[in-house]
Participant: 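One structure follows; several queries about it will come next.
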Protein chains: 2
Amino acid sequence: MAEKEPRVSIEECSYRKVLDIVSSKWTVLVMAALSGGTRRYGELRRRIADISQKMLTQTLRQLERDGLVERNAIPSVPPAVEYKLTPLGETLIPHFREMRQWAHDYYPLVERARSDYDRKHEMPATMD
Amino acid sequence: MAEKEPRVSIEECSYRKVLDIVSSKWTVLVMAALSGGTRRYGELRRRIADISQKMLTQTLRQLERDGLVERNAIPSVPPAVEYKLTPLGETLIPHFREMRQWAHDYYPLVERARSDYDRKHEMPATMD
DNA sequence: CTGTATCCGCCTGGATACTG
DNA sequence: CAGTATCCAGGCGGATACAG
């Protein structure tokens, strides 16, 4: 009789699965840089401002492990390594574009809301 | 002449803006719980498994500050507080559904890729 | 019922130095 | 050129206790 209150757990949460893949700091930026085609390591490093070697490598390794990026080491001197999106990785690109669109349409409203909220809550008791 | 290598920075990255809003651990779960309509604090707490008071409150405050959730405190004894999505918050729900769909379609491939990767890289030198 | 306050471990990510 | 290794600070999130 009583209305059900369905419980959701974070483990069975599809959103979390996706976010755990793409939400680390540089992931989307790296994938976006690869959406234009095959890129070499140093090329990525130059295109993505302020990314460190450690973070670029770490992000690429994680993407490779998740099957979103393919690594191709060319045995030459000096060594060259190419990275590109896998078909699986490509399936995320449209979603990134939608995120971009959302940010374009609505992010100004978020900034507005934030400053409104902060003004209302940070006033150090100046009221008479 | 040389081909341009356009640089992207993380500050002007639209993806980051969106992810910074929704990627904290409980955010999407809370918004999803609110997508069914107005909910009270305790109701949310019961519906979302394993969320602590601190995390629920903190997530709600952040959502309120970003203008995605509206808080309505009803002056009664004992106090009652209702939360609901704002129109701005509602605009994110379709995107969550798409994330859910992506997870349904492709997450098994990610898990497969991970176990493949781990098998190839974790073998403790057993080769002859 | 709806919160606040405090303490604290862990993990992410940055800086730096070194290597095949 | 394309990494690896190490150290370290800061922040996120969990546990617990208390409050209007």
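Every chain is numbered from 1 and lettered A, B, ... according to where its sequence line falls, protein lines coming before strand lines. Just so it is clear, the model here is predicted, and its values are computed rather than measured.
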Participant: Taking all non-hydrogen atoms of both residues into account, name the closest pair between A:R16 and B:V22 and its distance.
Facilitator: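 Looks like NH2-O, 4.4 Å.
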
Participant: Check the distance between C:dA15's P and A:L56's CG and give it to me in whole angstrom.
Facilitator: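 Interatomic distance, CG of A:L56 to P of C:dA15: 15 Å.
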
Participant: Produce a footprint string for nucleotides 1-16 of chain D: one letter per nucleotide, 5' end first; B if the base is under 4.0 Å from any protein heavy atom, S if only the sugar-phosphate is, - if neither.
Facilitator: BBBB-B------BBB-

Participant: Got a sec, which residues hit ring pair (Phe, Tyr, Trp, His ring centres under 6.0 Å) with B:Y117, two or more places apart in sequence or on another chain?
Facilitator: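 So B:Y117 forms a ring pair (Phe, Tyr, Trp, His ring centres under 6.0 Å) with B:H121.
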
Participant: Quick one: ring pair (Phe, Tyr, Trp, His ring centres under 6.0 Å) partners of B:Y41, sequence neighbours excluded?
Facilitator: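 For B:Y41, no residue satisfies ring pair (Phe, Tyr, Trp, His ring centres under 6.0 Å) once neighbours in sequence are set aside.
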
Participant: I need the minimum non-hydrogen distance between A:R46 and B:R7, along with the two atoms involved.
Facilitator: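 For A:R46 and B:R7, the tightest heavy-atom pair comes out as O-NH1, 2.9 Å.
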
Participant: Measure the distance from CG on A:L19 to C1' on C:dT12 and round it to the nearest whole Å.
Facilitator: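 Going from A:L19 (CG) to C:dT12 (C1'), I get 16 Å.
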
Participant: Would A:D116 and B:R65 pass as an ion pair if we require N to O under 4.0 Å?
Facilitator: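 Salt bridge flag = no for B:R65 with A:D116.
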
